[in-house]
Amino acid sequence: MMPSRKSIDQAVSPFYEDWAALSQAINACFGEVTGNCRKLIAEGWQLYEALKQALHGLFGDSAPCPLNEGERLAFVKNSRSAHAASRQLEQLFGELKKKIARTKISYPAE
């Protein structure tokens, strides 16, 4: 059965709501002098991986993904710079959101 735009939104929205809260926590962590943000960044890439699994369930092999996604995720996982890793996560989530919007246009509204 082909998913509708509404069902795609319902499947994806919780991930982006969680990312919004986690992103704020990461930014607040960088404001702390002794903040160790690596744990929060690890939660972020795990959330991203879960989102990708949900998209694969919806779209199969034609699931949208950002350019150079594998290399960028590897950078996030292995980066010594927490700030650079968090920026890369922000970009991955943002680019994926745009690609999802572009992809769901071809699906029925309801």
(request) Give the intermediate values and the outcome of salt bridge (charged side-chain N to carboxylate O under 4.0 Å, His left out) for residues Glu43 and Arg38. (result) CA-CA 9 Å; Glu43 287 179 37; Arg38 297 301 303 164; over 6 Å; no
(request) With the side chain counted from C-beta on, respond yes when Leu22 and Phe93 share a heavy-atom pair under 4.5 Å apart, and no when they do not. (result) no
(message) Taking His83's backbone N and O only, do any of them form a donor-acceptor pair with Ser86's side chain (distance below 3.5 Å, no angle check)?
(response) yes
(message) Nearest 0.5 angstrom please: Ile41 CD1 to Cys29 SG, how far?
(response) 7.5 Å
(message) Taking the side chain as everything from C-beta on, heavy atoms only, tell me whether Glu90 gets closer than 4.5 Å to Asn27.
(response) yes
(message) Show the nearest heavy-atom pair for residues Pro108 and Pro3, with the distance to one decimal.
(response) CD-O, 3.8 Å
(message) Using modelled atom types and a 3.5 Å cut-off, is there a donor and acceptor pairing between side-chain atoms of Ser13 and backbone atoms of Asp9?
(response) yes
(message) Can you confirm whether more than 12 heavy atoms, excluding those of Lys97, are under 6.0 Å from its NZ atom?
(response) no
(request) Considering non-hydrogen atoms only, spot the tightest contact between Ile8 and Leu58 and give its length. (result) CA-CD1, 4.3 Å
(message) Please determine whether the number of non-hydrogen atoms from other residues, nucleotides or ligands lying under 6.0 Å from atom NZ of Lys77 exceeds 12.
(response) yes
(request) Measure the spacing between CG of Leu92 and NZ of Lys52 and express it to the nearest 0.5 Å. (result) 9.5 Å
(message) Does any part of the side chain of Lys99, heavy atoms only, come nearer than 4.5 Å to the side chain of Cys65, both counted from C-beta?
(response) no
(message) Run the side-chain contact (heavy atoms from CB on, under 4.5 Å) test on Glu49 and Gln53 for me, step by step, so that the C-alpha distance in whole Å, both residues' side-chain angles and the decisive distance to 0.1 Å come before the verdict.
(response) CA-CA 6 Å; Glu49 293 284 350; Gln53 285 183 321; 5.9 Å; no
(request) Give a yes-or-no answer on whether the side chains of Tyr48 and Glu69 include a donor-acceptor pair shorter than 3.5 Å. (result) yes
(request) Side-chain contact test, heavy atoms from C-beta onward, threshold under 4.5 Å: evaluate it for Tyr107 versus Ser4 and give yes or no. (result) no
(request) Provide the closest heavy-atom pair for Phe15 versus Ala54 in the form atom of the first, atom of the second, distance. (result) CE1-CB, 3.7 Å
(request) To the nearest 0.5 Å, tell me how far Leu55 CG sits from Leu96 CG. (result) 5.5 Å
(request) Taking all heavy atoms of Ala25 and all of Leu40, pick out the closest pair and write down the distance. (result) O-CD1, 3.6 Å
(request) Answer yes or no: is there a side-chain heavy-atom contact under 4.5 Å between Gln88 and Leu73? (result) no
(request) Given side-chain contact (heavy atoms from CB on, under 4.5 Å), test Leu89 with Trp19 step by step and report yes or no. (result) CA-CA 10 Å; Leu89 262 178; Trp19 170 245; 3.8 Å; yes
(request) Dump the intermediate steps for side-chain contact (heavy atoms from CB on, under 4.5 Å) on Tyr16 and Ile100, then the final yes or no. (result) CA-CA 12 Å; Tyr16 279 97; Ile100 293 168; 4.2 Å; yes
(message) Please check: side-chain N/O of Arg72 versus main-chain N/O of Leu67, any donor-acceptor pairing under 3.5 Å?
(response) yes
